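Notes follow once the structure below has been shown.
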Amino acid sequence: MFQNLDVFKTAMAMARHAGTQQAVSAQNIANADTPRYRAQELPDFSETLRSTMLTQRATRARHLNGAASNAPTPPIERRDTVDPNGNTVSIEAEMVTAVDAMRTHDRALSIYRSNLTLLRASLGR
């Protein structure tokens, strides 16, 4: 009955992605006045999840000639309008991104908690 608990892994990955997005957004805001700084962003969680589900993942270092890694998705450069000083950070866009990351993190924790409650109830605790 409880052989496949991927919902917990997915919720954890969603929370990790949201935390990374929050850190990238904070770094962009911190460099808002830095000349020639290029804003960074992460791909959407759905794209990240899709790409990791389609590729083989190693569970051990030498399994399937792959590399076992929990490394987060690296940020990519955002291609937005450039200020006269060469900076691409928009404070308004970063605030929206930060709020969206917070909401995604809260959603992931809610999914985790509700599924944990269901699991405990099914075990009779």
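Only a predicted model underlies this, so the values are computations on that prediction, with no experimental measurement involved. All values below come from the heavy atoms of this structure, side chains included, with hydrogens, waters and symmetry mates left out.
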Pairwise side-chain contact, R36 with N87, heavy-atom cut-off 4.5 Å (strictly under):
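Side-chain contact under 4.5 Å: no.
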
Do I111 and F8 have side chains that approach each other closer than 4.5 Å (heavy atoms only, starting at C-beta)?
no

Which atoms form the tightest heavy-atom contact between [X] and [Y], and what is the distance?
X	Y	value
A15	A108	N-CB, 3.7 Å
Q22	M102	OE1-N, 4.2 Å
Q21	L42	OE1-CB, 3.2 Å

Under the criterion side-chain contact (heavy atoms from CB on, under 4.5 Å), which of T117, L118, L116, L123 is the partner of R120?
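Testing each of T117, L118, L116, L123 against R120, the sole residue satisfying side-chain contact (heavy atoms from CB on, under 4.5 Å) is L116.
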
Nearest 0.5 Å please: distance from the CE atom of M12 over to the NE2 atom of H17.
14.0 Å

Rounded to the nearest 0.5 Å, what separation is found between the CZ atom of R38 and the OG1 atom of T88?
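Reported value, rounded in 0.5 Å steps: 5.5 Å.
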
State plainly whether one hydrophobic cluster holds both Y112 and L5, where clusters connect Ile, Leu, Val, Met, Phe, Trp and Tyr through side-chain heavy atoms under 4.5 angstrom apart.
yes

Side-chain donor-acceptor pairs of residues 26-34 under 3.5 Å, sequence neighbours excluded:
{"unit_1": "N28", "atom_1": "OD1", "unit_2": "Y37", "atom_2": "OH", "d": "3.0"}
{"unit_1": "N28", "atom_1": "OD1", "unit_2": "Q40", "atom_2": "N", "d": "3.0"}
{"unit_1": "N28", "atom_1": "ND2", "unit_2": "Q40", "atom_2": "O", "d": "2.6"}
{"unit_1": "N28", "atom_1": "ND2", "unit_2": "E94", "atom_2": "OE1", "d": "3.4"}
{"unit_1": "N28", "atom_1": "ND2", "unit_2": "E94", "atom_2": "OE2", "d": "3.2"}
{"unit_1": "N31", "atom_1": "OD1", "unit_2": "T34", "atom_2": "OG1", "d": "3.2"}
{"unit_1": "N31", "atom_1": "ND2", "unit_2": "Q27", "atom_2": "O", "d": "3.0"}

Between the main-chain N or O of R16 and the side-chain N or O of T20, is there a donor-acceptor pair closer than 3.5 Å?
yes

Sequence neighbours left out, what pairs pass side-chain hydrogen bond (donor to acceptor under 3.5 Å, both in side chains) with at least one residue falling in residues 97-109?
none

